[in-house]
Chemist: 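Mind looking over this structure? Questions follow.
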2 protein chains.
Amino acid sequence: MSEDASDTTEGRLLQAAVGLFASQGFAATRVRQVCDQAEANVAAVNYHFRSKRGLYDAAIDHARAASVERSPWVALDANRNFWAHDEPEVRLHRFVSMMLDHALDEHGRPSELARILIHEMLDPTEAFERQVDVSIRRVFEALADICRQVRKAAAGRAPRSAAERQAIDAVVFLIGGQCMYPALVAGLPDPLYPGVSFDADGRVALADRITASALAQLQAVDAAPQTKRKTKPNT
Amino acid sequence: MSEDASDTTEGRLLQAAVGLFASQGFAATRVRQVCDQAEANVAAVNYHFRSKRGLYDAAIDHARAASVERSPWVALDANRNFWAHDEPEVRLHRFVSMMLDHALDEHGRPSELARILIHEMLDPTEAFERQVDVSIRRVFEALADICRQVRKAAAGRAPRSAAERQAIDAVVFLIGGQCMYPALVAGLPDPLYPGVSFDADGRVALADRITASALAQLQAVDAAPQTKRKTKPNT
DNA sequence: TTGACTTTAAAACGATCGTATGAAATGATT
DNA sequence: AATCATTTCATACGATCGTTTTAAAGTCAA
């Protein structure tokens, strides 16, 4: 029925573990619960993964591999020139679509990887520094890179002021929030935003809006140095 | 040292419970852990709050009361005409600031209420429908109301098309994501966005940007019915 | 000081936690 | 058929879970 080796005990354990860790986090998930859902014996976890923590690490790797398989990060590191022929705005739009693809699964519900990630952000375990933190930062550095390229293409020169860096960070924050937020609200029992859908079609419209907002904010950097109030007027 | 009745056992239990439930969620938090942190006996929880779940409910109420005390929701229901003299754009900006005040605490770190809320969204307990869900929806309905007022003031008439409702929902989603996202990333050990700060000053700049993006998106509804691609081109 | 009531303390309850053990079942290779 | 490594199973270990019990300590009016 599934894509993974779900006919083996190890595969079924991984599949059940990913789902349970995603909803409940590491500490609240019980080993026996995973084994019941995987129709495996209680000792199977320690046999195949050494310990509960070993299962957790394997589950994170499994979830990330599945996520990357669905939507490969073609823009990271080595193959950064993969789409170098496109203009920066198009690159940004594709990158936003990728982030949404990693935050949501194929049914428009929060992806298991994103939910594990949120649990780790709320209450970091040992897996945070080792597996989670670095992968997050690689994504956001690549995103900031694209934003800088948009800026460089829009303005004449590559700027280096502190205000410029802050502006880039603000746009990255805008995009990151808009792409991570669906991983929270798309799982609610009844939708919080009936007009916003997270399936394949709605995701395209969402990526359009996010990209448009980001581009507008990137262009507004030098257009109006301070929009309304820059900092507090007094003390 | 603190504001609450932290000299009583009940107050210290509540204070410790709010913090621990916020980081670890209900299931992963141990009663003995709360009692240790509150310097109370293990039986104190069941004496003062009947059970662990009773402590959880009381902790949610306590966190919400503290949050409302810091930043009252002057825009909900009854006193909706509290700031009716202001133009809708200003009302929107103030509401966004309020949402940020409830997502972050006075030190610019994720508020305990918001973190409990995120835990409930990832893995709802019995407290979700009873305490969490309704309060979320009241906030977002008030926000949608303000957005509709902005639309009505910008365009000539109050519109009722389905596309209009979707556009309002999209803006509410934009604002909600930008206001909730800080509750996730402001707690990271080292900042993900060095150029974005969540203290009192940075929060004003953040509210400015969020409001500006929302207003731009609200004005773009009738300006360009479809921006780039409305839905998928084929099949 | 007495007596009634509220709050804290120590200890232990059964249940469940993650993990370990050793034997049975399974499968591939002689 | 016999051997051996791999996998699954029932079972149980010590620790810890939420909760209860029972008694001691504190509080305050009469």
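Bear in mind the structure is a predicted one, so any value in this text is a computation, not a measurement. Just so it is clear: chains get the letters A, B, ... in the order the sequence lines come, proteins before strands, and each one is counted from 1.
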Chemist: Does the ring centre of A/Phe140 sit less than 6.0 Å away from the ring centre of B/Tyr193?
Modeler: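 B/Tyr193 vs A/Phe140: aromatic centres under 6.0 Å.
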Chemist: If we check salt bridge (Lys or Arg N to Asp or Glu O under 4.0 Å) with B/Asp101, which of these qualifies: B/Arg94, B/Arg203, B/Arg70?
Modeler: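 Answer to the salt bridge (Lys or Arg N to Asp or Glu O under 4.0 Å) test with B/Asp101 among B/Arg94, B/Arg203, B/Arg70: B/Arg203.
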Chemist: Please give, in whole Å, the distance from D/dC17 C1' to B/Gln33 CD?
Modeler: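 Roughly 12 Å, once rounded to whole Å.
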Chemist: Got a donor-acceptor contact below 3.5 angstrom from the A/His102 side chain to the A/Ala114 backbone?
Modeler: no
Chemist: Within this structure, what is the CG-to-C1' distance between A/Asn46 and C/dT19, rounded to whole angstrom?
Modeler: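 Distance, rounded to whole Å: 5 Å.
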Chemist: Taking atom types as they are modelled, would you say the side chain of B/Arg32 forms a donor-acceptor pair with the base of D/dG18 within the 3.5 Å cutoff?
Modeler: yes
Chemist: If I take atom CD in residue B/Glu39 and atom P in nucleotide C/dA10, what distance separates them, rounded to the nearest angstrom?
Modeler: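 Distance check: B/Glu39 CD to C/dA10 P gives 13 Å.
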Chemist: Base, sugar-phosphate alone, or nothing: which one does A/Ala44 contact when heavy atoms must sit under 4.0 Å apart?
Modeler: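 The residue A/Ala44 makes no contact with any strand.
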Chemist: By a strict heavy-atom criterion of less than 4.0 Å, which residues belonging to residues 125-132 of chain B are in contact with DNA chain C?
Modeler: none
Chemist: Answer yes when B/Arg138 and B/Asp133 have at least one side-chain N-carboxylate O distance shorter than 4.0 Å, and no when they do not.
Modeler: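 No, this pair does not count.
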Chemist: Quickly work out the A/Asn41 CG to C/dG22 P distance and round it to whole Å.
Modeler: 16 Å
Chemist: Just grab all the salt bridge (Lys or Arg N to Asp or Glu O under 4.0 Å) pairs involving residues 109-127 of chain A, residues at least two apart or on different chains.
Modeler: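 Pairs touching residues 109-127 of chain A that pass the test: A/Arg53-A/Glu126.
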Chemist: Any donor-acceptor pair under 3.5 Å linking the side-chain atoms of A/Asp199 with those of A/His107?
Modeler: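 No - no donor-acceptor pair under 3.5 Å links their side chains.
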Chemist: What integer distance in Å separates A/Arg30:CZ from D/dG18:C1'?
Modeler: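 Between C1' of D/dG18 and CZ of A/Arg30: 12 Å.
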Chemist: Taking DNA chain C as the partner, which of residues 47-56 of chain A come within under 4.0 angstrom of it by heavy atom?
Modeler: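 Listed by number, they are A/Ser51, A/Lys52.
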Chemist: Salt bridge check, A/Asp7 against A/Arg12: does any charged N sit closer than 4.0 Å to a carboxylate O?
Modeler: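 No, A/Arg12 and A/Asp7 are not salt-bridged.
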Chemist: Nearest heavy atom decides the nucleotide; on that basis, is A/Val42 or B/Thr29 closer to the 5' end of DNA chain D?
Modeler: A/Val42
Chemist: Round to the nearest Å and state the distance from A/Phe26 atom CZ to C/dC17 atom P.
Modeler: 14 Å
Chemist: Do the non-hydrogen side-chain atoms of A/Pro182 and A/Leu206 ever get within less than 4.5 Å of each other?
Modeler: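 SC-SC contact between A/Pro182 and A/Leu206 confirmed.
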